[in-house]
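Everything on this sheet refers to the single structure shown next.
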2 protein chains.
Amino acid sequence: MKILLVEDETRLAEAIAASLTKKGIAVDHTALLGDAIELAQQQTYDAIVLDRRLPDGDGITFIPWLRSSSVVTPVIVLTARNEPKERVAGLDLGADDYLGKPFLMEELFARLRAVMRRPSALAEPSIVLGRMTVDPIRMDVMVGELQLDLPRRELMVLVTLAKRKGKTVLRSVLETEIYNYEETIQSNALDAHVSRLRKRLADADAGVSIHNIRGVGYLLKEH
Amino acid sequence: MKILLVEDETRLAEAIAASLTKKGIAVDHTALLGDAIELAQQQTYDAIVLDRRLPDGDGITFIPWLRSSSVVTPVIVLTARNEPKERVAGLDLGADDYLGKPFLMEELFARLRAVMRRPSALAEPSIVLGRMTVDPIRMDVMVGELQLDLPRRELMVLVTLAKRKGKTVLRSVLETEIYNYEETIQSNALDAHVSRLRKRLADADAGVSIHNIRGVGYLLKEH
DNA sequence: CGACGACCATTGCGACAGGATTACGGCGTG
DNA sequence: CACGCCGTAATCCTGTCGCAATGGTCGTCG
C-alpha cells in the first residue's frame, strides 16, 4: 500500500506522512507538480493526495494529465478553503474526493479508505487465506478471532503478498511497495522482514506460508 | 525469448541484463551501434532496447536501418531526458516505445511486455497444450490452476518449445535462444535441462511430452 | 542380421549465486 | 532506561548450473 503525497507545506506534509507511515502505508512525498508527474509515470500508487496550491501550478491540472495517461488511481484533493465552487471544479476534473483544510487526520484516513474501496480501485476488501484474514484497506490482520499485531514493515510485506495471494510477487515490486524513493535499501532488509514474518506466522499458526521463487520473488500460500 | 540491449553505461546495462536474465529472458549486450547492427543481422530478437547516446552515434539511426532491412522487431528507446520533442522524433522514426531515464525496472518490463504483445510482434499470447498453459510474454507456466515454478534455463527451453508446439526445434535454435553470445556451451548442458524438465513435467502431470528427433532437435507434444 | 558408432538420457559432482537466519547496534517511544 | 523495531552484515544453507561419466537407443553398414 503506497500513496503519493503532493503538498508543499512542509509541516503538514510531514504530519500526514508520519501518520500514514505509522499505519503501514508507504508515502512518496513531493512539493512539486513536476516531480509528481515523474513519480506517477514511474510507478503506480494506491491513491494520490494532492494539494491545489503548489509552487509550480494548480495541483488540479495534474488530474487531467493522469487520466489522459489512463491512470485510474483515486485522487483526493486538499484545498485551503472548502468552497463549493472549487469542489465542483475538482470533482468535474476527475478527483475522487475533496478535503478542506484544516482537517483531522482521521478524516483523511477515512476518505482514503473510502476512495480505495471503490470499484475502480485496485484493492479488494478482506483477503482470506488459511486461518488468516487480511484487510488491505484497514491494514490489519486477524488469525482466527485474534488480531495479529505486526511491526510496520512486516505488515506491509504481508499485505502486499496477500493482495496477490497464490501468485509470485517480484522482489522489486515488494521493495517499491514498502519503501519510498528516499529510503533506498542496500542490504537484505527485505529478506530479514520475510524471515521474521515467517516466524510470527508460524507462531500464530496462521495456516499460511511464504514461499520463495529463486531469483524472482516471494509468494503467499495456504499450506 | 531474447532481446538485444544497446547501452554504453556499464552500470545500467548490467542492471538491466541482470534483471531480465532473472526473468528468463536472454540478453545480448553491446555498447556500440556497429556491433548492434552486426548482431541484428545474425539473429532475430524478440525486442531491442536502445540507448540514444552511444559512443559511435545516435542510437536512433539504428531504427531506419532496421526497418529498411524489413526487420519488424519492436524497439524501445532509452534517453536521458524525457523531452516530448525527442519522444516524437523517436516514435516517428519507428520506435515502438520510449522511456526516459531514470526509470524503474518494473516499468521497462511492463513496456517490453506491452510492445511484444503487439500484433506486429512475433510472440503470441498464451499457448495451451495438454493441461499446461504457457505465457511466453510473462514467462510463466500454469498446470491446471497451479503455477509451475521452473528453474530459469528449463523455463527458457520450455517456452521456446511451446512457441513452436508440435514442430521440431533445431538444437542450434534452442542453444542460441537460451544462451547469449558470451555464454558459450561446451557440453550437453541443453540435454541435461531437457532431461530435468521432462521429469518435472511428468511429476506435475502436465499432459505433454518432449520428443527427440535424432540428430535434429526436440519437439513438444500433447500425449 | 549383428555389431559398431553416433547420438541421446540420466545422474552425480563441484562451483557458485542467492536466500535464510540471526546477532548487533542505532534509534525512537513510552 | 527498557523495550521493540529496523537496517546491516556475517554466516550458514539450499537450489541451480555447467560439466562429464555412464549407460541406453537408434541407424547404418558390412
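So that the names make sense, note that chain A is the first sequence line, chain B the second, and so on, each numbered from 1.
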Any idea which heavy atoms bring Ala40(A) and Leu66(A) closest together, and the distance?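 Taking Ala40(A) first and Leu66(A) second, the nearest heavy atoms are CB-CD2, 4.2 Å.
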
Nearest-angstrom distance from the residue atom [atom1] of [X] to [atom2] of [N]:
{"X": "Leu197(B)", "N": "dG15(D)", "atom1": "CG", "atom2": "C1'", "value": "16 Å"}
{"X": "Asp191(A)", "N": "dC12(D)", "atom1": "CG", "atom2": "C1'", "value": "14 Å"}
{"X": "Ile178(B)", "N": "dG18(D)", "atom1": "CD1", "atom2": "C1'", "value": "14 Å"}
{"X": "Leu201(B)", "N": "dT10(C)", "atom1": "CG", "atom2": "C1'", "value": "16 Å"}
{"X": "Leu174(B)", "N": "dC7(C)", "atom1": "CG", "atom2": "P", "value": "17 Å"}
{"X": "Glu175(A)", "N": "dG18(C)", "atom1": "CD", "atom2": "P", "value": "14 Å"}

Before giving the answer on side chain to side chain contact (heavy atoms under 4.5 Å, CB included), spell out for Met139(A) and Leu150(A) the whole-Å C-alpha distance, their side-chain angles and the decisive distance to 0.1 Å. CA-CA 10 Å; Met139(A) 296 292 290; Leu150(A) 293 172; over 6 Å; no

Between [X] and [Y] (side chain of the first, backbone of the second, donor and acceptor by atom type, cut-off under 3.5 Å), is there such a pair?
{"X": "Asp28(B)", "Y": "Leu39(B)", "answer": "no"}
{"X": "Asp46(A)", "Y": "Lys2(A)", "answer": "yes"}
{"X": "His29(A)", "Y": "Glu14(A)", "answer": "no"}

Go through residues 205-214 of chain B and report each residue with a non-hydrogen atom lying under 4.0 Å from DNA chain D, sorted by number.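 Those residues whose heavy atoms fall under 4.0 Å from DNA chain D, taken from residues 205-214 of chain B in numerical order, are Arg214(B).
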
Using a 4.0 Å heavy-atom cut-off to protein, can you give one letter per nucleotide of nucleotides 3-9 of chain D, 5' to 3': B if the base is in contact, S if only the sugar-phosphate is, - if neither? --SSBBB

Taking only N and O in the side chain of Arg198(B), is any of them less than 4.0 Å away from OP1 or OP2 of dT10(C)?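 So the side-chain polar atoms of Arg198(B) do come within 4.0 Å of the phosphate oxygens OP1 or OP2 of dT10(C), strictly under.
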
Answer yes or no: does a side-chain N or O of Ser195(B) lie under 4.0 Å from OP1 or OP2 of dT10(C)?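 Looking at the OP1 and OP2 atoms of dT10(C), one of them is under 4.0 Å from a side-chain N or O of Ser195(B).
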
Which value, rounded to the nearest 0.5 Å, describes the distance between Glu177(A) atom CD and Arg164(A) atom CZ?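 With rounding to 0.5 Å, CD (Glu177(A)) is 6.0 Å from CZ (Arg164(A)).
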
With rounding to the nearest 0.5 Å, note down the distance linking NZ in Lys221(B) to NZ in Lys165(B).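 The NZ atom of Lys165(B) is 13.5 Å from NZ of Lys221(B), to the nearest 0.5 Å.
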
Can you list the steps and then say if Leu12(A) with Asp51(A) is a side chain to side chain contact (heavy atoms under 4.5 Å, CB included)? CA-CA 11 Å; Leu12(A) 176 59; Asp51(A) 196 0; 5.9 Å; no

Derivation of the side chain to side chain contact (heavy atoms under 4.5 Å, CB included) call for Leu20(A) and Leu112(A): CA-CA 10 Å; Leu20(A) 290 176; Leu112(A) 273 171; 3.9 Å; yes

